Amino acid sequence: MPVASSQQFPRSRRPEPVLITEAAPSLTDQQAARKRRYAITMAIRGVALVLAAVFYQTVWLMIILAVLGTVLPWIAVVMANDRPPKAKTRLPGVDARPDRVLENPARSGRIIEG
């Protein structure tokens with residue numbers, strides 16, 4: 001008959017602690033990610049404009065790359081200014097629903113006369 005002991009199932013050691021909250025990233029981390037996204041988008045814009053100059057003899061490709069180079073700054077700014085949505089907060093003690101529903105007196109058949 002086997003005897004249970006703590007040595008039967010060795011536990012794995014994790015180098016990092018387990019995340020137990022769903023806290024949002026810090027504002028500094030969010031801003032760094034937005035800066036990185038902006039820089040990448042603007043680098044793609046630069047490459048598109050250089051390629052438009054290189055392919056000046058292929059007109060359709062040049063136009064596509066030039067339009068891309070023209071539109072990407074607007075897209076980069078919109079993406080850089082976009083923040084994650086704010087979490088919906090509930091006020092303590094305030095319910096979204098009423099605690100009771102009013103009855104329709106016409107449906108119940110009761111009429112109250114004063």
Side-chain angles (χ1 to χ4, degrees):
M1 204 179 339
V3 177
S5 74
S6 63
Q7 300 298 323
Q8 287 181 346
F9 302 105
R11 296 182 181 182
S12 63
R13 299 276 179 180
R14 294 183 180 175
E16 298 178 14
V18 176
L19 182 63
I20 59 172
T21 65
E22 295 194 16
S26 69
L27 293 177
T28 306
D29 291 342
Q30 290 177 15
Q31 186 178 17
R34 292 195 315 260
K35 283 181 182 179
R36 187 171 35 252
R37 193 172 25 207
Y38 178 81
I40 290 170
T41 307
M42 292 307 286
I44 292 171
R45 175 195 186 236
V47 170
L49 289 177
V50 169
L51 288 175
V54 169
F55 292 110
Y56 70 93
Q57 290 180 341
T58 310
V59 177
W60 65 270
L61 185 57
M62 179 191 67
I63 291 173
I64 291 173
L65 291 169
V67 168
L68 185 65
T70 305
V71 174
L72 275 178
W74 176 77
I75 293 171
V77 168
V78 169
M79 286 177 17
N81 289 329
D82 186 29
R83 290 182 62 182
K86 291 183 179 181
K88 293 182 180 179
T89 58
R90 294 182 55 151
L91 297 174
V94 178
D95 291 332
R97 297 182 190 171
D99 58 344
R100 60 186 172 148
V101 178
L102 297 176
E103 294 179 8
N104 185 354
R107 286 179 45 193
S108 66
R110 296 183 339 188
I111 297 175
I112 301 173
E113 295 181 14

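Computed from a predicted structure; not experimentally measured.
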Do any pairs count as a side chain to side chain donor-acceptor pair (under 3.5 Å) and have a residue in residues 29-51, sequence neighbours left out, and if so which ones?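 Non-adjacent pairs meeting side chain to side chain donor-acceptor pair (under 3.5 Å): Ser26-Asp29.
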| Hydrophobic cluster membership, Ile44 vs Val78, 4.5 Å side-chain cutoff |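 Shared cluster, yes.
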Residues 46-75 side chain polar contacts: donor-acceptor under 3.5 Å, at least two apart:
| from | atom 1 | to | atom 2 | distance (Å) |
| --- | --- | --- | --- | --- |
| Thr70 | OG1 | Ala66 | O | 2.7 |

